[in-house]
Every structure is written in structure tokens, then in C-alpha cells.
Enquirer: 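Can you keep this structure in mind? I'll have questions shortly.
Here the structure is a predicted model, which is why all the values come from computation and not from measurement. Chain identifiers are assigned alphabetically (A, B, ...) following the order of the sequence lines, protein sequences preceding nucleic acid strands; residue numbering begins at 1 within each chain.
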Protein chains: 2
Amino acid sequence: MQKSLSREQKRQQKLDVILRNASKAFMERGYYKTSLDDIASMQNVTKPTLYYYIKNKEDILVKCEEVTCGRINAMLDDVMDDDVSGYEMLYHFIMRYIPIITDDVARCHVRHRGQMEDPELAKNSIQNHKDIENRVREIIRIGIKDGSIRDCNSTILAILLFDSLNGLTSWYKSDGPVKENELIEEVLKLVTQGVSGS
Amino acid sequence: MQKSLSREQKRQQKLDVILRNASKAFMERGYYKTSLDDIASMQNVTKPTLYYYIKNKEDILVKCEEVTCGRINAMLDDVMDDDVSGYEMLYHFIMRYIPIITDDVARCHVRHRGQMEDPELAKNSIQNHKDIENRVREIIRIGIKDGSIRDCNSTILAILLFDSLNGLTSWYKSDGPVKENELIEEVLKLVTQGVSGS
DNA sequence: AAAATATGTTACTATCGGGTAACTTTATAA
DNA sequence: TTATAAAGTTACCCGATAGTAACATATTTT
């Protein structure tokens with residue numbers, strides 16, 4: 001029982017490695033220019049071995065999405081449980097969203113979300129994102145209600161916010177010139193105060 | 001002479017149609033899932049005919065980029081020539097950027113920028129975008145200097161702004177529920193005032 | 001130790017799609 | 001009206017790669 005658990009863990013670990021390596025490759029070379037042979041050789045295995053962990057190539061994208069959306073929703077559960085103003089909830093959300101999204105697997109998800117060839121999977125993927133977007137809209141609505149956020153179109157605001165935040169994935173590197181703290185501060189200031197001079 | 005000009009014009013028109021149709025298909029099905037046969041059949045021609053107008057598949061992306069960046073830079077020439085504050089320049093830029101970017105060819109460019117297989121072309125594409133980004137950073141710096149924009153990291157602000165604006169391309173449809181005027185207003189308010197409640 | 005199961009490999013198929021060569025038709029120019 | 005170039009077609013090649021079948025090895029359970 002103990003051993004079989006460890007086997008299951010090993011399996012999970014190997015899947016994680018596949019997802020991370022594939023994500024990295026997809027971000028560098030793109031999904032279609034990265035072959036399964038490429039991915040397999042990063043793990044020092046051969047292509048058919050991958051099929052022991054994934055159903056097919058597209059399944060990698062699906063699994064990256066599951067992992068990422070799981071993390072985001074767990075974070076939202078936590079943030080929305082707070083007994084604070086909508087503005088503060090939004091503030092916390094942004095603070096905690098940035099570290100989540102600047103991870104290779106999350107980057108991969110953001111870039112490929114909704115682009116699966118199987119229409120059913122694509123639909124699902126889009127819905128997953130809409131669900132998260134709706135939860136943030138709910139935060140905004142709460143903020144408008146309690147007066148901590150100015151009256152605005154919550155739909156448009158949520159989308160613009162996500163575009164900025166998700167856009168980070170294509171340029172922000174945690175080992176780059178911009179420090180994570182500085183980045184979070186700038187984003188929060190922009191969102192809360194805008195650009196107008198005093 | 002008159003006739004030969006008209007021939008040249010016809011050629012240009014046909015190229016435009018190719019770019020527009022290809023852009024639409026790339027946005028719907030994705031670049032790799034759209035074959036040149038697909039694109040050709042939209043013009044009721046055969047694949048080899050396309051090679052009379054484009055060098056290869058990637059060249060479509062390059063040409064979409066040329067058209068779009070040309071428009072943006074022309075607009076910036078106009079906006080930056082103004083004898084107004086940095087804030088006003090930024091305001092005008094945003095107002096005029098939105099209609100430009102919500103066009104099929106521009107959408108295609110935004111989605112595929114920097115992703116050419118030929119490294120030289122990819123480098124070029126990234127540089128084109130950086131050039132535009134730098135011009136907007138210059139606007140922001142002017143605004144900070146004249147006090148019309150609050151002191152901030154102009155690099156980060158420019159990137160966040162472009163992410164929001166370019167993100168529009170993936171959801172905004174001019175025939176959708178959100179009117180262009182309303183959209184522009186919301187974006188401008190968010191950028192200038194942020195979300196904080198009074 | 002033996003049976004069963006998990007994990008991995010080699011070798012292959014089948015398809016798709018970018019690109020080209022050779023040829024035909026249409027339009028411009030002399 | 002004939003020569004020349006533009007515009008388009010049919011037919012083909014060929015490289016890449018997702019996915020599979022059949023076989024080999026390691027590991028766990030009985």
C-alpha cells in the first residue's frame with residue numbers, strides 16, 4: 001500500500017515534469033513547432049512513453065489548464081472568503097495572481113487557452129476562463145456596491161485587467177530586470193489610481 | 001501607362017484580399033491549422049497562385065505586420081506632432097489605437113507577432129513592436145515631465161497598456177454588445193483614474 | 001519464485017501540407 | 001496580329017510528425 005502510493009507519486013511527478021518541459025518548449029518554439037519527440041527527449045524517454053502519461057498532444061494543454069485553473073480557483077476561494085471590501089479583495093487577488101501566472105505551466109495555459117482542435121475541449125477551456133472571469137467580476141460588483149470601487153462596467157474592467165495580467169506571461173521573467181515586488185506595485189497603482197498626474 | 005497602373009492596382013487589391021481572408025482564417029482556426037489550400041479556395045484560386053503574391057506562408061504574417069505597423073506609426077506621427085500635454089497625447093493615442101487594432105489584419109498581426117519561424121523575421125517583428133512601444137514610452141515620459149501623468153515606471157506602464165489594448169483583439173467585435181464609444185470611454189477612464197471609488 | 005502489471009523501446013504507418021516544375025490561358029504592348 | 005509577360009492550373013514531391021502495434025524489461029504483489 002505504501003509502495004503503491006509511492007509509485008503513484010512517482011507517476012504524478014513524471015507527469016509534472018512532462019508538463020513543465022512541454023510548457024517551456026511550447027512557449028519558446030510554439031505548440032506546432034514542438035514535436036512529441038522533442039518533448040520526450042527532454043525527459044530522456046521516447047515518444048511512445050509519453051502516451052503512458054497523456055492521451056495525446058492536446059491533452060498536455062488540457063492538463064496544464066487543469067493545474068493552473070485549480071490554483072487560481074483555490075486562491076479565489078481564499079481571497080473571496082475574506083470579510084473585507086471589494087477593493088481590498090481585488091487588491092489581494094492581483095497580488096496573488098501575479099506569482100501564479102508567471103509560472104511556465106500557467107504561461108503555457110494562458111497562451112493556448114481555448115485553442116484546442118477538439119471543439120468540445122476548446123469549449124470547456126473557454127468556459128473555465130469565463131468562470132474565473134465571472135468570479136472577479138463578482139468582486140468588482142461587490143466593490144462598486146460598498147463604494148470602494150468607482151462605478152464602472154465590471155465586465156470590461158475584468159477583461160482589461162485579465163489582459164494586462166495575462167500579458168505579463170509573455171514578457172515578465174522572474175530573473176529579469178524588473179523585480180516582482182516592483183511589478184506588483186506598479187500594476188496595483190495603475191489599477192487603483194490610473195496614470196493622471198496629481 | 002494607364003492600363004499598367006490599373007494592373008498594379010488590381011494586384012494590390014488581390015493581395016489585400018488574400019491578407020484579409022488569411023487573417024480571418026488564422027484567427028478562427030489558427031495559423032498551423034489553416035492550409036494554403038484553404039486560403040486559396042477563399043479567393044477561388046489554387047494554391048500556386050498565392051505564390052504569385054506572397055513568398056511563402058510566413059510572408060503573409062510579415063505583410064500583415066507591415067500594413068498594421070505602418071498604420072500605427074502614421075497615427076503616432078500625427079498624435080506626437082500635437083502641441084499638447086503628454087497626458088493628452090496618450091489620450092489621443094488610445095482613442096485612435098482602438099479602431100486600428102480591431103481590424104482583422106491587425107488582429108492577425110497582434111496574435112502572431114514575433115512568432116515567425118525564420119529567426120531574422122522574428123527578430124524584425126519584435127523590433128517593430130519595440131519601436132512602437134518606445135514611442136509610447138516617450139509620450140509617457142513627456143507627460144511625467146510636464147506633470148500631466150503621475151510619476152511611474154514608463155516601461156511597465158507602456159507594456160501594461162499595450163497588453164490591455166492588444167487584448168481587445170481577442171474579444172472585441174465591432175458588431176458585438178459593447179459599443180466602440182463605450183469601450184473607448186471605459187478604457188480611458190480606467191487608464192486615467194483607475195478603479196478606486198470616490 | 002511466479003504471475004501480473006507498470007513502464008519503456010524499436011520500428012512502423014499514414015496523413016497532411018508546404019513548396020515546386022511544367023504547362024495553359026489571358027491580357028498587354030509593339 | 002504577333003510577341004511578351006502576367007496570371008493561373010494540374011500534377012507531383014517530400015519532409016515532418018502524430019499516433020500505434022508488437023515486443024522487452026522492470027517492479028510489485030501473491
Enquirer: When the ring planes of Tyr31(A) and His112(A) are compared, do they come out parallel, tilted or perpendicular, using 30° and 60° as the limits?
Expert: tilted
Enquirer: Measure CG/Leu36(A) against C1'/dG19(D) and give the value in whole Å, please.
Expert: 9 Å
Enquirer: Could you give all pairs that pass the salt bridge (Lys or Arg N to Asp or Glu O under 4.0 Å) test and reach residues 34-48 of chain A, with sequence neighbours left out?
Expert: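 For residues 34-48 of chain A, and leaving out neighbouring residues, the salt bridge (Lys or Arg N to Asp or Glu O under 4.0 Å) pairs sorted by first residue read Arg29(A)-Asp38(A).
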Enquirer: Rounded to whole angstrom units, what separation is found between the CZ atom of Arg29(A) and the C1' atom of dA16(D)?
Expert: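 Interatomic distance, CZ of Arg29(A) to C1' of dA16(D): 15 Å.
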Enquirer: Check whether Tyr53(B) forms a cation-pi arrangement with Arg11(B) (NZ or CZ under 6.0 Å from the six-membered ring centre, at most 45° off the ring normal).
Expert: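 Pair Arg11(B)/Tyr53(B) counts as cation-pi.
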Enquirer: To the nearest angstrom, how far is Ile54(B) atom CD1 from dG19(C) atom C1'?
Expert: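 Checked: the CD1 to C1' distance equals 11 Å.
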Enquirer: Could you pull out all residues at least two apart from Arg20(A) that satisfy salt bridge (charged side-chain N to carboxylate O under 4.0 Å, His left out)?
Expert: none
Enquirer: Figure out the OH/P separation between Tyr31(B) and dG17(C), and round it to whole Å.
Expert: 13 Å
Enquirer: Can you run down the salt bridge (Lys or Arg N to Asp or Glu O under 4.0 Å) pairs that involve residues 135-148 of chain B, sequence neighbours left out, and say none if there aren't any?
Expert: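 Every pair satisfying salt bridge (Lys or Arg N to Asp or Glu O under 4.0 Å) with a residue in residues 135-148 of chain B: Asp77(B)-Arg135(B), Glu138(B)-Arg141(B).
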Enquirer: Counting only side-chain N and O atoms of Arg11(B), is one of them less than 4.0 Å from OP1 or OP2 of dA7(D)?
Expert: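 Yes, within the criterion.
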Enquirer: Strictly below 4.0 Å, heavy-atom distances to any atom of DNA chain D: list the hits from residues 37-53 of chain B, or just say none.
Expert: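 Of all residues in residues 37-53 of chain B, the ones placing a heavy atom under 4.0 Å from DNA chain D are Val45(B), Thr46(B), Pro48(B), Thr49(B), Tyr52(B), Tyr53(B).
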Enquirer: When you measure from every atom of DNA chain C, which of residues 56-66 of chain B have a heavy atom less than 4.0 Å away?
Expert: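 Of all residues in residues 56-66 of chain B, the ones placing a heavy atom under 4.0 Å from DNA chain C are Asn56(B), Lys57(B).
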Enquirer: For Arg96(A), enumerate each residue passing the salt bridge (charged side-chain N to carboxylate O under 4.0 Å, His left out) test, keeping only those at least two apart in sequence or located in another chain.
Expert: Asp78(A)
Enquirer: If you look only at pairs with a residue in residues 173-189 of chain A, which of them pass as a side-chain hydrogen bond (donor to acceptor under 3.5 Å, both in side chains), with sequence neighbours excluded?
Expert: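 Only Glu182(A)-Asn153(B) qualify under side-chain hydrogen bond (donor to acceptor under 3.5 Å, both in side chains).
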Enquirer: Could you pull out all residues at least two apart from Asp163(A) that satisfy salt bridge (charged side-chain N to carboxylate O under 4.0 Å, His left out)?
Expert: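 Result, salt bridge (charged side-chain N to carboxylate O under 4.0 Å, His left out) vs Asp163(A): none returned.
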Enquirer: Please report, rounded to the nearest Å, how far the P atom of dG8(C) is from the NZ atom of Lys10(A).
Expert: 10 Å
Enquirer: Checking Tyr32(B) now: which residues fulfil side-chain contact (heavy atoms from CB on, under 4.5 Å) with it, not counting sequence neighbours?
Expert: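 side-chain contact (heavy atoms from CB on, under 4.5 Å) check on Tyr32(B) returns Tyr32(A), Lys33(A), Glu117(B).
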Enquirer: Counting only heavy atoms and a strict 4.0 angstrom limit, can you tell me which residues of residues 12-19 of chain A come near DNA chain D?
Expert: none
Enquirer: Once salt bridge (charged side-chain N to carboxylate O under 4.0 Å, His left out) is applied, do any residues pair with Lys24(A), and if so which ones, sequence neighbours excluded?
Expert: none
Enquirer: With sequence neighbours excluded, what pairs up with Asn21(A) under the side-chain contact (heavy atoms from CB on, under 4.5 Å) test?
Expert: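 side-chain contact (heavy atoms from CB on, under 4.5 Å) check on Asn21(A) returns Val17(A), Met42(A), Gln43(A).
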Enquirer: Just how far, in rounded Å, is P of dG19(D) from OH of Tyr32(A)?
Expert: 11 Å
